Amino acid sequence: MAFFILRRFGVMILTALCLTFVVFFLTNLAPNLEKLAKTQGNARMSDAEVVSWLDRNGYGGPLIMRYGEWLGVVPGWVRLDAPTGQWRGRCLGPGDTPETAPRFCGLLQGDLGHSTVSDDEVSNIIGGRLALTGVLMFWAFAVIVPSALLVGVLAGMREGSRTDRVLSTFSIGTTATPEYVSGVIFIVLLASSQTGISPLLVQWGWLDGGTLFLGSARSAMDGANFWNFTLPVMTIAFYGMGYIARMTRASMAEVMTAQYIRTARLKGVSFRNIVLKHALRNALIAPFTVIMLQFPWLLTGVVIVETLFNYNGFGWTLVQAASNNDIELLLACSVVAVFVVLVTQLISDIGYVYLNPRIRIS
Amino acid sequence: MEPLSWSGDIGVFLNPIIIGATVVFAAAFLLNLVLTLAGQRAGEMVINADHSLSLQRGPVDYALLAMRYAVLVFLLTCVGYVIAGMVVADPQRAGIIGAMAAQLTPVWIGLVVLFAVSISFKRRLGLYGKLFDSPIGMTGFGLVMFWIFTAIFVQSIAPHGPIDVISQMRNELPGTPLPSPAEGQFQWYLLGGDNLGRCVFSRMVFGAFEVLKIAPLATLFAFMVGITLGVPAAYFGGKLDIGVTFVANLVLAFPVILLFYLLVAPEIVAAGIPNYLSMILFLFPILFLVILFNARYRTQPGLRNVIVAICIGVGGMAYLSLISNASDPDLPMLFRLWPEALDLFDVPGNLLIVFVSVVFVNSPTVFRIVRGIVLDIKTRDYVAAAQTRGEGPWYIMLWEILPNARGPLIVDFCLRIGYTTILLGTLGFFGLGVSPESPDWGSTINEGRRLLTIYPHPALPPALALMSLVLGLNLLADGLREESLKD
C-alpha cells in the first residue's frame with residue numbers, strides 16, 4: 001500500500017511538472033511577451049526596443065531556465081541597471097542588492113510572482129479569491145452529494161419502477177443542462193422582476209417588491225445568504241449532480257441483484273433494512289470515486305458560474321488573467337487548478353483501494 | 001400592424017385544453033404523492049373463483065390513470081398547435097407558436113416521413129430499427145432529428161438572415177411587427193429582437209446549423225484519434241501503453257476551460273500552436289484509414305495498392321488543403337507552402353481553431369474508453385483464434401476487436417456529440433467562439449445574458465435549444481444502450 005501511494009505520488013509530481021511546463025511554455029510564447037512589453041512599456045515600441053525591454057526585465061533567457069527560475073530551482077536573474085546604477089532582479093525589491101535578497105524565489109519558495117495588471121503580489125490576490133471559491137464549492141458540494149446520492153439510491157433500489165424512470169429521466173435532464181443554460185433559466189424564472197415567478201409573488205402580496213432571489217452574487221462576497229447565494233450554488237449543483245446520481249443508480253441497481261441481498265430478503269429482512277444496512281455501503285464505493293473526479297468538472301462550472309453571476313472568485317480571476325495576458329497570475333491559477341485536479345485524482349485512487357475490500361495492493 | 005399574440009386564434013380553443021391538462025396532471029401528481037406517502041398501494045391482481053384475473057383499482061391507480069391521460073391530451077394539443085399553425089398559415093391568426101410551426105413545416109414533414117419509414121421497416125434495420133422499440137430512444141432520436149432537419153432546411157425556415165440588423169427592433173418583444181417591411185419580407189420578429197436588432201428566432205435556427213456543422217464532425221475526428229491510439233495501446237500494452245496513457249492523463253488533468261483559454265487566446269493563435277496541433281490531429285484519420293484497408297487487403301496486393309493509393313491521394317489532398325492556406329500571411333511559413341492552385345478549400349482561421357481545440361479536448365477521453373473496451377475484448381476466444389490462425393496484429397485490432405467494440409462506442413459517440421455541443425457552447429459563452437457575430441448558441445446566450453433580467457427573450461431560445469439537443473442525444477444514447485444490451 002505504501003509503495004502504491006508513493007508511486008502514485010511520483011507520477012503525480014511528474015504530471016504536475018509537465019503540466020506547469022506546458023502552461024509556462026504557452027503563456028511565455030513570443031507574441032505574449034511582445035504584448036506584455038507593449039502594455040508595460042510603450043505601445044509603440046519597435047521590435048528592437050521590445051527585445052531590449054524583455055532582456056532588461058528577465059524575459060530574455062532560454063525558456064527552460066526561466067521555467068527553472070519560476071519553479072525556484074534556478075537562481076533568479078539579477079542585473080545591474082547601467083544608467084541608474086541600481087540592481088534589478090527577480091528576487092530583488094527596490095533598493096535590494098544581490099547580497100541581501102534570497103537567491104531563489106519561485107513556486108517552491110512560495111513566491112508566485114507579481115501580477116502585472118492588478119500591480120500586487122499574486123499570492124495576495126489568489127488567497128482571497130480561493131477562499132471565495134471555496135465557499136461556493138463547499139455549498140455546491142453540500143447540495144450535490146446528498147441530493148445526488150438520494151436520487152441515485154431511490155432510483156436504483158427498485159430498478160425499472162416508476163420512481164426509477166422518473167428520477168433517471170430527471171438526472172439525464174440535468175446532465176443535458178450545462179451551467180450557462182440552467183443559470184440563464186434560473187435567473188429568468190427566479191431573479192427577474194419582469195418575468196418568472198417573482199412578479200407573480202409580488203402581485204399576490206407574498207413578496208414586498210424585489211425578486212425571489214438575486215441574479216448577481218456580487219453581494220455574496222461580503223456575506224453570503226440565502227437570497228444572494230442560492231442561484232449560483234443551484235446552478236453548479238444542477239449540472240454536477242446528474243452524473244453522480246446516474247453512477248449511484250447504476251451501482252445501487254447492481255448491488256441489489258447480488259446474491260447476499262437475495263439471501264437477506266429470503267431471511268425476511270425488511271426492505272428498508274436491506275437498503276440501509278446491506279446495500280448502501282457497497283453501493284457507495286463507485287460514487288465516491290466519481291464524486292472525487294467531479295472536482296475538475298466543477299472547476300469549469302465554477303468558472304462559468306462566477307462569470308455569469310459576477311462573483312469574483314478563483315474562476316473569475318482565471319478568466320480575467322487569461323484575457324488580460326497577466327502571465328504570472330494565470331500561471332498561479334493553473335498551478336492551483338492542476339493541483340486540485342491531481343490531488344483529487346490521488347484521493348479517489350487511494351480511497352477506492354481503501355474502500356473496496358476486493359482490491360488489495362501489496 | 002398589431003404585435004402577434006402567443007397563440008392567436010388557435011389559442012381560443014387549445015389554450016383551455018392545455019391549461020386543463022396541466023392542472024389535472026399537477027393535481028393527480030400531488031394526490032398520488034400524498035396517497036403513496038400515506039401508505040396506499042397501487043391495485044393488485046386478484047384471482048377470482050372462476051380462475052379469471054381482475055385488477056382492483058384503488059385511488060392511486062385512478063390518479064395514475066388521470067396523469068397518463070393528461071400527458072396524452074397535452075401532447076395531442078401540442079400537435080394540434082403545430083397542425084393548426086401549418087393550416088392557418090396567416091401569422092396574425094396563428095399566433096407566434098403557430099407561425100413558428102408553419103416556418104418549421106419542412107422539419108415536420110421530414111420527421112413524419114423518417115419515422116413512418118423507419119417504423120414500418122424496423123425489423124430489417126438492425127440496432128437502428130430496435131431504437132423504435134424504446135420510447136426513450138425514440139424521443140431522443142426525434143429531438144436530435146428535429147435539430148438536424150432544422151439545420152438542413154435552415155434557409156427555408158429562417159424568416160430573416162442571421163446578421164440582418166433592423167435597428168428599430170432592438171430588444172423588441174416576441175411577435176413585434178417590422179417597422180417598414182419590404183415586399184415579400186417576413187413581417188414579424190417571431191421571438192423578438194436581440195440587443196442589436198436581429199431576429200432571435202432566425203439566429204436560433206442558424207445556430208443549429210452552426211453547432212451541427214462542427215459538433216458531429218469534431219466528435220468523429222476525436223474518435224479517429226482515440227481509436228488509432230487506444231486500440232494499439234491496449235493491444236500491445238507495455239511501454240507504448242504507459243507512454244500514451246501518461247500523455248492522455250496530462251491532457252485530462254487540465255481543466256477544460258484553462259485549456260481553451262490557452263489554445264484560443266489570440267497570442268497563442270498568432271504563434272501558430274493550433275495550426276501545429278491541427279497538423280498532428282488531422283493526420284490520424286488518414287493513418288487510420290490506411291492501416292484499416294492495408295490490414296484487410298494485405299493478401300491481395302493489387303486491390304490493396306489501389307485502395308491505399310486512393311486513401312492517401314484523396315485524404316492527403318484534403319489534409320493539405322485543410323491545414324494550409326497560402327493566402328494568409330499571418331500563418332507560419334510551413335502552412336503556406338502548399339500552392340493556392342491545389343488548395344481545394346480554405347477553412348476560416350477561427351473555425352479551424354475551435355474545431356482543433358474541441359478535438360484535442362475530446363480525444364483523450366475517447367482514448368481511455370477505447371483502451372478499456374479493447375483490454376476487455378482482447379482476452380476473448382475469437383482473438384486467440386485469430387492469433388492462432390496467424391493474422392497480423394493490425395488485422396486483429398481493426399477487423400476482429402474493433403467491430404465487436406462498436407456497441408459501447410456508438411453509445412458513447414452519441415453522448416460525446418452532446419458533450420461537444422456543451423463545449424462549443426462554453427467556448428461561445430466566453431466569447432472564444434467562431435466569430436463574435438456567429439449565431440451559434442453559446443455566443444447568443446453570452447450576448448443575451450447582459451440584459452437578462454430586463455429582456456429575457458434573446459437568451460432563452462438558444463439556451464432551450466441547446467438543452468433540448470443535448471437532452472435528445474443523451475436520451476438517444478440511453479435508448480441505444482438499453483436496446484443493445486437486450487441482444
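Naming convention: chains lettered A, B, ... in sequence-line order (proteins, then strands); numbering from 1 in each chain. For clarity, every value in this text was computed on a predicted model and none was experimentally measured.
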Inset, instruction - Answer with side chain, backbone, both or neither: which region of B/Phe430 has an atom nearer than 4.5 Å to a non-hydrogen atom of chain A? - result: side chain
Inset, instruction - Against chain A, work out which of B/Ile273, B/Val256, B/Leu452, B/Leu252 has the most heavy-atom pairs shorter than 4.5 Å and name it. - result: B/Leu452
Legend entry - Interface moiety of B/Leu471 toward chain A, non-hydrogen atoms closer than 4.5 Å: both
Legend entry - Side chain, backbone, both or neither of B/Ile445 within contact of chain A (heavy atoms, under 4.5 Å): side chain
Inset, instruction - Evaluate side-chain contact (heavy atoms from CB on, under 4.5 Å) for B/Leu143 paired with B/Leu469, printing each intermediate quantity in order. - result: CA-CA 6 Å; B/Leu143 276 174; B/Leu469 175 63; over 6 Å; no
Inset, instruction - Give a yes or no on this: more than 12 heavy atoms of other residues, nucleotides or ligands lie within 6.0 Å of atom CZ of A/Phe271. - result: yes
Legend entry - Toward chain B, the part of A/Leu26 with a non-hydrogen atom under 4.5 Å: both
Legend entry - Separation of B/Phe141 CZ from B/Leu480 CG (nearest 0.5 Å): 9.5 Å
Legend entry - Atom group of A/Val340 that falls short of 4.5 Å from chain B, counting heavy atoms: neither
Inset, instruction - Answer with side chain, backbone, both or neither: which region of A/Ile304 has an atom nearer than 4.5 Å to a non-hydrogen atom of chain B? - result: both
Inset, instruction - Among A/Leu318, A/Ile172, A/Val341, single out the residue with the greatest number of heavy-atom pairs under 4.5 Å to chain B. - result: A/Ile172
Inset, instruction - Sort A/Ala191 into side chain, backbone, both or neither according to what part of it lies under 4.5 angstrom from a heavy atom of chain B. - result: backbone
Legend entry - Other residues, nucleotides, ligands: >12 heavy atoms within 6.0 Å of A/Tyr67 OH: yes
Inset, instruction - Would you mind reporting whether B/Phe246 and A/Leu14 have side-chain heavy atoms less than 4.5 Å apart? - result: yes
Inset, instruction - List in chain and number order the residues that pass ring-ring contact (aromatic ring centres under 6.0 Å, His included) with A/Phe309, two or more places apart in sequence or in another chain; answer none if no residue qualifies. - result: none
Legend entry - Candidate pair A/Leu167 and A/Leu154, rule side-chain contact (heavy atoms from CB on, under 4.5 Å), full reasoning: CA-CA 8 Å; A/Leu167 291 179; A/Leu154 280 180; 3.7 Å; yes
Inset, instruction - Measure distances from B/Leu473 to the heavy atoms of chain A and classify the residue's part below 4.5 Å as side chain, backbone, both or neither. - result: neither
Legend entry - Heavy atoms from other residues, nucleotides or ligands near CZ of B/Phe74 exceed 12 (cutoff 6.0 Å): no
Pairs table: donor-acceptor atoms between chain A and chain B closer than 3.5 Å:
{"unit_1": "A/Lys35", "atom_1": "NZ", "unit_2": "B/Glu267", "atom_2": "OE2", "d": "2.8"}
{"unit_1": "A/Thr175", "atom_1": "OG1", "unit_2": "B/Asn474", "atom_2": "ND2", "d": "3.3"}
{"unit_1": "A/Tyr180", "atom_1": "OH", "unit_2": "B/Ile422", "atom_2": "O", "d": "2.6"}
{"unit_1": "A/Tyr180", "atom_1": "OH", "unit_2": "B/Thr426", "atom_2": "N", "d": "3.3"}
{"unit_1": "A/Ser192", "atom_1": "OG", "unit_2": "B/Thr453", "atom_2": "O", "d": "2.8"}
{"unit_1": "A/Arg246", "atom_1": "NH2", "unit_2": "B/Asp478", "atom_2": "OD1", "d": "3.0"}

Legend entry - Ring center gap for A/Phe213 and A/Phe186 short of 6.0 angstrom: no
Legend entry - Working for side-chain contact (heavy atoms from CB on, under 4.5 Å), residues B/Ile353 and B/Leu432: CA-CA 10 Å; B/Ile353 293 160; B/Leu432 305 170; over 6 Å; no
Legend entry - Pick from B/Ile257, B/Leu64, B/Leu250 with the largest number of heavy-atom pairs that fall under 4.5 Å of chain A: B/Leu250
Legend entry - Residue, of A/Val23, A/Val184, A/Leu299, that accumulates the most heavy atom pairs under 4.5 Å with chain B: A/Val184
Legend entry - B/Val470 to B/Gly418 - nearest heavy-atom pair and separation: CG2-O, 3.8 Å
Inset, instruction - Taking the side chain as every heavy atom from C-beta outward, state whether A/Cys333 and B/Leu258 have any pair of such atoms under 4.5 Å apart. - result: no
Inset, instruction - For each of A/Ile185, A/Val338, A/Leu308, tally heavy-atom pairs with chain B at distances under 4.5 Å, and name the one with the top tally. - result: A/Leu308
Inset, instruction - Would you mind checking which part of A/Leu342 comes under 4.5 Å of any heavy atom in chain B, side chain (CB onward), backbone (N, CA, C, O), both or neither? - result: side chain
Legend entry - Side-chain heavy-atom pair A/Leu329, A/Ile126 within 4.5 angstrom cut-off: yes
